[in-house]
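Step one of this worksheet: look at the structure below.
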Amino acid sequence: MSALSSALPDFPWDLLEPAKAIAAAHPDGIVDLSVGTPVDRVPPVVRQALADASDAPGYPLTAGTPRLRAAIAGWLARACGASGELGVLPTIGSKELVAWLPTLLGIGPGDVVVIPSVCYPTYEVGARLAGAEVIRSDSLTALGPDRRVKLLWINSPSNPTGKVLPVEHLRKVVSWARERGVVVASDECYLSLGWESTPVSVLADEVTGGDYTGVLAVHSLSKRSNLAGYRAGFVGGDPALVGELLAVRKHGGMIVPAPVQAAMVAALDDEAHVAAQRERYAARRDTLRSALTKAGFEISHSEAGLYLWATRDEDCWVTVDRLARRGILAAPGAFYGPAAAGHVRIALTATDERVAAAADRLAEPF
């Protein structure tokens, strides 16, 4: 028996441990901007909903409660401009779905999964878990007439670059995929964090016209509602595809706990906490962007999302080391693909005090 893990790349964050140790040795402590994990409090309305639903002795519904399904559909209509009949399904965070989507769709050896040239590492992991081949490409033309392509990932706003895909490009992707029977999976976890551009969902009427055939949109409450610890995500789109996912997930016991389902309803029905969190991130973004620019970094893209995509026109590991010696930990671009080796990803997810500390340290001469 061969270990499945041998087919997977090294876990990226393990490779960052030496730099983390250097940064942690700073006299004023580490400023960890490497991982986009929320640090602000869970909204009280969500915590109350979780507590109220905590007496949950029975098995929850894999499909989600009727209230949760209605809340997801309502949010997709409001936030994503989706007017058609959607299939919806709660997931155990979004990373779980990203990692297992090819397998859940029956994709396997001999098939191809297309991922962006610079992207979240789990897209590749999901393809490898299924035994499929991975192609990195941002160009539909470059893919040619390859009939092995079964799944195409897009990500807007992008993690790590913050790039936003325009409506025209989204339309072309959907049209191209439908002509070839390819599923489009759109990772939209940062949709609510547009700064200099307004992100558009693949489910928007101007993209699909209310026809979601072959299209799935993946969302998360980790960032917009500080619920990374709850593992609360969902997928919406083609009812037939969502039905297939549900059928397999029921067999696999891939179920969101009942109290978390109740908390998701509260989070989706309340936008006040989302607006407040946006303001926090906006202030941190302004502080870090200004400090990085003054320190000689160039900021690429970064018009949306939870990160600044920065470069000093040098190998990313050199930059990571420079920052670590100032007590700042950043994610090297190499984690996100060979084309990203000259950049680092700077997360906005640190307290105001730690962000201010980072800005002070960036003022030191490089």
Pair E271 + R278, salt bridge at N-O below 4.0 Å: no

Smallest separation among heavy atoms of A232 and M264, with atom names: CB-CG, 3.6 Å

CG-CG distance between L348 and L33, expressed to the nearest 0.5 angstrom: 8.5 Å

D138 with K163: basic N within carboxylate O range, under 4.0 Å: no

Side chains of T311 and D313, donor plus acceptor under 3.5 Å: no

Salt bridge (charged side-chain N to carboxylate O under 4.0 Å, His left out) between R326 and D28, intermediate numbers included: CA-CA 10 Å; R326 288 161 177 77; D28 187 37; over 6 Å; no

Close side-chain approach of L101 to L216, heavy-atom, < 4.5 Å: yes

Value rounded to 0.5 Å, distance of CD1 in I92 from CZ in R249: 5.5 Å

Other residues, nucleotides, ligands: >12 heavy atoms within 6.0 Å of W100 CH2: no

Residues, nucleotides or ligands: over 12 heavy atoms within 6.0 Å of E17 CD: yes

Short side-chain to backbone donor-acceptor contact, R224 and S192, under 3.5 Å: no

Euclidean distance, S5 OG relative to R128 CZ, rounded to 0.5 Å: 12.0 Å

R285 side, atom CZ; I299 side, atom CD1 - distance, nearest 0.5 Å: 9.0 Å

Heavy atoms from other residues, nucleotides or ligands near CG of D14 exceed 12 (cutoff 6.0 Å): yes

Heavy-atom pair of closest approach, residues P90 and A63: CD-O, 3.2 Å

Straight-line distance of L323 CG to L329 CG, nearest 0.5 Å: 9.0 Å

Parallel, tilted or perpendicular, as decided by the 30° and 60° cut-offs, for the rings of H343 and W309: parallel

Neighbour count >12 (heavy atoms, 6.0 Å) for atom CZ, R78: yes

Qualifying residue, where the test is side-chain contact (heavy atoms from CB on, under 4.5 Å) with H219 and the options are L191, L268, D187: L191

Ring pair (Phe, Tyr, Trp, His ring centres under 6.0 Å) evaluation trace for Y120 with W153: CA-CA 10 Å; Y120 183 46; W153 277 104; 8.8 Å; no

Distance (rounded to the nearest 0.5 Å) between Y307 OH and Y190 OH: 3.0 Å

E96 and R231 ion-paired at < 4.0 Å: no

